[in-house]
Amino acid sequence: MRKDRTNPPAVLFLCLGNICRSPLAEGAARAAFAAAGIDATLDSAGTGDWHVGRPPDARAQAEARRRGVDIGTLCARQLTPGDFRRFDLILAADETNLRDARALAPDDARAELMLMLDLVPARAGESVADPYYGDADGFAATWDDVDAVASALVARFGSSG
Ligand code: 4NP
C-alpha cells in the first residue's frame, strides 16, 4: 500500500538504458521544477545495465542543450529494489520498462509506478518512443514528450504543496 509521500516529493524517471529518455525526462523536470520554484528530489535509472556509469547519449545531450538544459553531468545507473522505497513516484517510459520494474518491486514498495505519459492529459497509456536507433528528430520528439510530463508534474506537486 502507498504511504504518504516524502516532502519534497521524490520522482524517478525510468527507461531501458538510462542514456536517452529518462535522463532527458530528468533534465526537463529539473528545469521545470527550478523555474516553478518547487523543491523536489529527481533522478533517473534504467532497467538494463549496459550503460551504467556512462553519461547520456551525445544526441540526447545535444537535444537538451538545444532546449537550454545541460544533462552532461548525469550518469547512468540501474534500477534497484531500494528505489521503490525511496521514491514516491516511478515513471516508466514504456510498457516494457513498466513490466520489468514490476518484477523488481519489493513487497514493501512505497512508490507509485506508472507510465510517464499517464500524467499528461489525453496521453494516458502512451509510451515515450525509444529514439536510440533513430535520428535527431526522434530526440526532439522525446524532449517534447518528457517536457509535457515535466509540466504535468509541476502542476501536480505545485498545487498539492
Ligand atoms: P533509453 O534508450 O532506454 O531511452 O536510454 C536506449 C538506450 C540504449 C539501448 C536501447 C535504448 N541499447 O540497446 O543499448
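As the structure is a prediction and not an experimental result, all values here were calculated from the model. First listed ligand is number 1; within each ligand, the first listed atom is number 1.
Note on residues 124-136: pairs passing side chain to side chain donor-acceptor pair (under 3.5 Å), not counting sequence neighbours, are Arg123-Glu126.
For Asn97 and Asp100, the side-chain atoms include no donor-acceptor pair closer than 3.5 Å.
The shortest distance between side-chain heavy atoms of Glu26 and Val11 does not fall below 4.5 Å. The closest side-chain heavy-atom distance from Leu89 to Leu153 is below 4.5 Å.
In this structure, ligand 1 sits under 4.0 Å from heavy atoms belonging to Cys15, Leu16, Gly17, Asn18, Ile19, Cys20, Arg21, His51, Asp130, Tyr132, Tyr133.
The side-chain contact (heavy atoms from CB on, under 4.5 Å) test applied to Ala32 returns Ala150, Val154, not counting sequence neighbours. Scored by the side-chain contact (heavy atoms from CB on, under 4.5 Å) test, Ala31 finds Val69 as partners (sequence neighbours excluded).
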